[in-house]
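What follows is a short report on a single structure.
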Amino acid sequence: MVNILLIGNGAREHVIAEAIVLSPQKPKLFSYMNSNNPGIAKLSESVQIGKYNELDKINAFAQANAIDFAFIGPEDPLSQGVVDSLEEVGVKSVGPKKELAKLETSKSFTRLLMKKYSISGLPAFRVFESKDGLKEYIDSMDAFVVKKDGLAGGKGVLVQGDHFETKGDGFRIALDMIENGDAVVIEEKLLGEEFSLMSLTDGKSLFDFQPVQDHKRAFVGDKGPNTGGMGSYSTGKLLPFMTEKDLSDARIITEKVLAALKQETGLDYKGVMYGGFMITKNGVKLIEYNARFGDPEVMNVLPILKNDFVAVCQAVIDGTLSEIKPEFSSESTVCKYAVPEGYPDNPVDGKKIFLGEVPKNVKVYYASVDKRNDGLYMSKSRAVAFVGIAPTLEEAEVIAENGVCSAQGHIFHREDVGTKELIDKRIKHMGKLRF
Ligand code: GLY
């Protein structure tokens, strides 16, 4: 019997929990969450609620349940060093140690690593710890991005044209960060189409998932503020606007970064490397790495995985990942999030969401919802994700749309995720940039 600890409480962890309990090894799942996710709780033997920096509490929960290994879902516990802490009590994890999680937690670490090892895909950038030369560097750029060096709950990346208009505005934002004691990365703004490429690794080999495209803007037509991600799609192979070379270029970047991490730290990175890439007119560039699965992107890839996910995790821990051949169904997937009205800037709080009659062919993953005696309540974040899986993207989109439309309450979603109209726009955009 395998006992597995899952840390995290979002839809990302709900789909991970599902993949774990579907294993033919019939594992027992124990979940540590900072607030209860009823979907995860339903799949778990037992649940512990606690903060992600309560490392002793996490260790005690792991020891009390004779945990064989832990899967760390979100970046927060990774940045707290939960993997190092669990290892002290003999529990290995799918998730990088704190030093390696810098891949996500420090923007400057990853940029400087790529520069040191001459890894392609690097935009023009400089790291500033003081304002010396900041204005001159900004003046030398066309459009630019200000990145706070460190986790900022999705609020640390500010893009000219999206979050601020003039060079002066960007300069003041960067200066504020520096005066607050943060280092800042200034880099060129990339133009193109984004995709996410997620891989599991044992520190030596990569187990790749399909490329996925997320939709960060809140409203139809890529309008409105940036969000955690309103929905995503995959086709089982390439995305419609990308070439085989785009995918292999991104993969090579991840391979080289993995080798550089080993060289630099002497440690094997065990966990997820999730690259956010941009296909530009000058080739594939890295926007950033995350040390965890993407949300919603993981809901596109785990449900079509044919391998035993627990065996894949065990191979990550044992360093035998190269012995497992990734197997997926070749279906397309579309994920659409129902979110509270006003999300992300001014969301309604504590309102009910009614799921009604969700069609049977729709997969449903809970994110930020609480189950009470009288129903399901939302908080201020993304509430419930609906996933359609089908032989074609068109069919998968219709399934996901029917799913999300079956939910009611003070909610909205992006009707255009995965639609032909939006995908044609992406293809046209990429075509224009390439030629
Ligand atoms: N899909 C965005 C993220 O997971 O960070």
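This structure is a prediction, so every number in the text was calculated from the model and none was measured. We count ligands from 1, going down the list as the structure has it; atoms in each ligand are counted the same way.
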Counting from 1 in the order shown, the ligand 1 atoms closer than 4.0 Å to a non-hydrogen atom of Gly228 are 1 (N), 2 (C)
Atom indices of ligand 1 within 4.0 angstrom of Asp214 heavy atoms, with elements: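 That gives atoms 1 (N), 2 (C) of ligand 1.
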Under 3.5 Å, is there a donor-acceptor pair between the side chain of Asn300 and the main chain of Val212?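 No, the answer is negative, given that no donor and acceptor are paired below the 3.5 Å cut-off.
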Polar contact flag for Arg12 and ligand 1 (N/O pairs, less than 3.5 Å): no
Within the 3.5 Å criterion, strictly below it, is a donor on Ser85 or Asn59 matched to an acceptor on the partner's side chain? yes
Taking the six-membered ring for Trp, are Phe328 and Phe209 ring centroids under 6.0 Å apart? yes
Are Phe164 and Phe144, when compared by the centres of their aromatic rings, separated by less than 6.0 Å?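 Yes, they do, as the ring centres are separated by less than 6.0 Å.
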Once you restrict to heavy atoms under 4.0 Å, what part of Glu297 touches ligand 1? Side chain, backbone, both or neither.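 Glu297 to ligand 1: side-chain contact only, backbone stays beyond 4.0 Å.
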Residue pair Val316, Phe69: steps toward the side-chain contact (heavy atoms from CB on, under 4.5 Å) verdict: CA-CA 11 Å; Val316 166; Phe69 73 85; over 6 Å; no
Provide, to 0.1 Å, the distance between atom 2 (C) of ligand 1 and the closest protein heavy atom, together with that atom's residue and name. Tyr274 OH, 3.2 Å
Nearest-neighbour protein heavy atom for atom 5 (O) of ligand 1, which is reported as residue plus atom name and distance: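 Atom 5 (O) of ligand 1 sits closest to the protein heavy atom Arg292 NH2, 2.9 Å.
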May I ask whether Ser196 has any heavy atom positioned less than 4.0 angstrom from an atom of ligand 1? no
Is the closest heavy-atom distance from Gly294 to ligand 1 below 4.0 Å?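 Right, Gly294 reaches ligand 1.
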Could you go through the side-chain contact (heavy atoms from CB on, under 4.5 Å) check for Ile186 and Phe128 one step at a time? CA-CA 8 Å; Ile186 303 291; Phe128 291 90; 3.7 Å; yes
